[in-house]
K.L.:
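Sharing a structure with you now.
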Amino acid sequence: MLVDSRHPLIVDDVYPSSLCNNLLEKADILYIVPNFENNSISDNEEWCAKIRYLNKTIGLHGIRHSYHEFDKDINKEELTLAINSFENCFEEKPTLFRPPYNKINKDNEETISNFNMTIYKKKFIAHPYCHCNPKSFMKPLNWILFC
Ligand SMILES: [Zn+2]
């Protein structure tokens, strides 16, 4: 195990159909995608309970995780719904935000701040960091080495 215990282990792309159960337990921070492929997390009570039971720090990771989602204009209504789903699911409001693909434009940065979330991007890449569903090119770096 090569995890450096001084740094939190971050796991991105957490949603009900993602396959990373063993990783969820090891992680310190889970970044949740609230509406992946139109499946709202709040419709899956069993999964919500499972994540709550893990008792990890959790944050919001986009809305649907579409390509460069937060580098484009986002629909504030959709964002509000995503935050509400998060709150229904985990019984807390999100306070941490990681933009999908590490990309967020100025307008969206402001919107996220207005929802009282702190934005974490690029700098965290240097820390132990995993994707639930790693792309093959990420595996040596983010999956095998750190997870
Ligand atoms: Zn992601």
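Both ligands and their constituent atoms are indexed starting at 1 by order of listing.
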K.L.:
Scan residues 46-105 for pairs that pass disulfide bond (SG atoms under 2.5 Å apart), counting only residues two or more places apart or in two chains.
P.N.:
Cys48-Cys89

K.L.:
Run the side chain to side chain contact (heavy atoms under 4.5 Å, CB included) test on Ile83 and Leu60 for me, step by step, so that the C-alpha distance in whole Å, both residues' side-chain angles and the decisive distance to 0.1 Å come before the verdict.
P.N.:
CA-CA 8 Å; Ile83 290 168; Leu60 191 67; 4.1 Å; yes

K.L.:
Determine which of the N, O or S atoms in Asp13 is closest to the Zn ion (ligand 1) and give its atom name.
P.N.:
OD1

K.L.:
List the steps, then state whether ring-ring contact (aromatic ring centres under 6.0 Å, His included) holds for Phe70 with Phe97.
P.N.:
CA-CA 11 Å; Phe70 278 74; Phe97 183 85; 4.9 Å; yes

K.L.:
Any donor-acceptor pair under 3.5 Å linking the side chain of Lys56 with the backbone of Glu25?
P.N.:
yes

K.L.:
With a cut-off of 2.8 Å, does any N, O or S atom of Asp12 fall short of it relative to the Zn ion (ligand 1)?
P.N.:
no

K.L.:
Of all N, O or S atoms in His61, which has the smallest distance to the Zn ion (ligand 1)?
P.N.:
NE2

